[in-house]
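Everything on this sheet refers to the single structure shown next.
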Amino acid sequence: MERYPRPLILAYRHSLTFMRRLPIFLGMYVLVPLITLYGLHRGFKLDDTQAAFMVPGFMVNAAASAAFISTIYGSLMRLTMQGSYQSWLAATLSVHHVLQADVLWNATRSTFAGLGIGIAGGWLMGNLSFMGLLFAMPGVILASLAASLLGMVIVSRAYGFDDVSVYEPVIAAVFVFSGVFAPVTYYPEAVQWLMTLQPIYHGIMVSRPAYNLELTWGVAFIHFSVLLAMCGVFYALAYRLLSRRLIT
Amino acid sequence: MTADKSLIVAQGLTKTYTAKSGDVMAVKGIDFKVMPGTCTGLLGPNGAGKSTTMGMLMGLTRPTEGTLTIFGTPTSELTREQRVRISLVPQEDNLDPDLTVSENLFVYGLFFGIARSVLKDRVPQLLDYMQLTEKSGARVSQLSGGMKRRLTIARALINDPDLLILDEPTTGLDPQARVLIWQRLLELKKTGKTLLLTTHYMDEAQRLCDQIIMIDHGDILDEGTPRQLIKKHVPGHVFDMTKPIPKNLPLYEQEDVGDSVLFYVNDEDAVAFRKAIPEKATYLHRPANLEDVFLRLTGRRIRE
């Protein structure tokens, strides 16, 4: 009976729609960060050290932000306007299937956006390192997963775009204060503390040294543990809220 | 004693929603059965408890009390193999707007574990059955309301279900689309499929259903075949007499409905009553129907 895992079938469904929207996705999540990165590089005449600082920061931020944004808008639309979740549940899928498929899909494609930025950004700034990219990816992937799961927590309590668009300033604040293009220590302590509560900060803290082949076991352990814990907590919370929403 | 062959059995089925303003009992301990190969209509005004009952059948709403079994298994314990034998046509279209017409069927079929090779044959067959072949490559947004409804029904048939649950399948459709859907539903019934539908169209229920369950305020008001219900609740003839009402008409049960008065006359007296109506009077004489029963049981007050 079970020919393919059902989250995989949902991912196949997502891939069909994704191919139709590829130019929009590339524009929003790859081109825009690249333009910003390139503008900073040219405008501030960044040297190699600064470029090596920024590229992994942009990779993590672009991937995790894309995962978060595509979850809060895409998944919200599927839940509220399209009624897709309800139709999938009627077709023998469970809330776990729906949650896993949506999150994995949003995180995976966003990870590719991060990778694209890593390749193009590294090439533009003249510090492209394939080993660095490879080592940076686990942090990018985990930050994207955690961001998408956090997005699902928000979606499961939202009823319209107004309920999620209030997070746009948060996305901007996270971009500025998470250490994407300046060390977090430049900012007030309260801001630093707040940033530790969201996944992009931890993704950057682990991916940046990994990209520069300077990652230590201690740093890796701390930030991967936090990211994994975030994934676990957000998954449990999203599952609970979504179940309550879908099965009354 | 013979075993109960009912496909659906509800016993003491209750659903209470907890709200800040207090508990709301949407379904109040109802009992009903649906036999295999029949079409059962769940009729009631808005807020009667139909959709909640449908939700409980689909496992999307958890009963507060009572039992609800399909294929002899409580709905919460249905195996995947059993769930594959059930399909839903929801009240609101939830087709996938990001996919084409044929992709909608194909992907949905994959959810049910149907092989791609099977779907490659079945999808065109269903599109043809629902007269949608020409639209197979179109996006859902390019379809008319009737086409979307037909596609939703086609999607519900992709797994060749034994039980088809239809929540207002023809609401908002033009007569041509309704007739086509009725034809298809009657054909499905002939093939042995079990249909459970809700509708606001009494002519639809009368035409399609073998058994009617009238429900209001979460309670079952009555059930039976359309003919039984009509015979039980309304005299055989209705004279819809436009005001002013002629004087000296024989005394029969009557109901003022605004611009006209309905006279309910039994079969034996219908001819005599008709003769008693002055030539100048404007009226419509028709047999009693399920709508008369519905309005009698649920009242004429508008429900929001």
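To find a chain, count down the sequence lines: A is the first, B the second, and so on, and within it residues start at 1. Predicted model only: the values in this text are computed from it and were never measured.
- For the pair A/R13 and B/D98, the salt-bridge criterion is met [side-chain N within less than 4.0 Å of a carboxylate O].
- The one candidate from A/M77, A/R78, A/Q82, A/M81 that meets the side-chain contact (heavy atoms from CB on, under 4.5 Å) condition with B/P97 is A/Q82.
- Near-neighbour residues of residues 12-32 of chain B relative to chain A, defined by a heavy atom under 4.5 Å from a heavy atom of that chain, comprise B/K15, B/Y17.
- Among the residues in residues 64-78 of chain B, none has a non-hydrogen atom closer than 4.5 angstrom to a non-hydrogen atom of chain A.
- A/T17 places a side-chain heavy atom less than 4.5 Å from the side chain of B/L99.
- The interface of residues 131-161 of chain B with chain A, defined by heavy-atom distances below 4.5 Å, comprises B/R139, B/R155.
- Summarising the geometry, atom CG belonging to B/D96 is positioned 6.5 Å from atom CH2 belonging to A/W88; distances are rounded to the nearest 0.5 Å.
- The environment of A/F224 atom CZ is dense: over 12 non-hydrogen atoms of other residues, nucleotides or ligands sit within 6.0 angstrom.
- Within 6.0 Å of the CZ atom in A/F18, the count of heavy atoms belonging to other residues, nucleotides or ligands exceeds 12.
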Trace of the side chain to side chain contact (heavy atoms under 4.5 Å, CB included) decision for A/L89 with B/L60: CA-CA 8 Å; A/L89 290 182; B/L60 299 175; 3.8 Å; yes
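- A/Y235 pairs by the side chain to side chain donor-acceptor pair (under 3.5 Å) definition with A/H96, A/Q100, not counting sequence neighbours.
- Residues B/R83 and A/L93 form no side-chain contact, since every pair of their non-hydrogen atoms from C-beta on lies 4.5 Å or further apart.
- With a 4.5 Å cut-off on side-chain heavy atoms, A/I247 and B/T61 do not count as touching.
- Residue B/E103 touches chain A through its side chain alone, counting heavy-atom pairs closer than 4.5 Å.
- For the pair B/R80 and A/R6, the minimum side-chain heavy-atom distance is below 4.5 Å.
- Options B/I86, B/N94, B/I165 differ in how many heavy-atom pairs under 4.5 Å they form with chain A, and the most are formed by B/N94.
- Taking CD1 of A/I9 as the reference point, atom OH of B/Y108 lies at 12.5 Å (rounded to 0.5 Å).
- With chain B as partner, the option from A/S87, A/G83, A/S84 having the largest number of non-hydrogen pairs under 4.5 angstrom is A/S87.
- At a 4.5 Å heavy-atom cutoff, the contact between A/R21 and chain B is made by side-chain atoms alone.
- Each of A/Q86, A/H97, A/R20 has some count of heavy-atom pairs under 4.5 Å with chain B, and the biggest count is that of A/R20.
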Between B/F111 and A/L10, is a side chain to side chain contact (heavy atoms under 4.5 Å, CB included) present by the stated rule, with each step listed? CA-CA 8 Å; B/F111 289 150; A/L10 264 183; 3.5 Å; yes
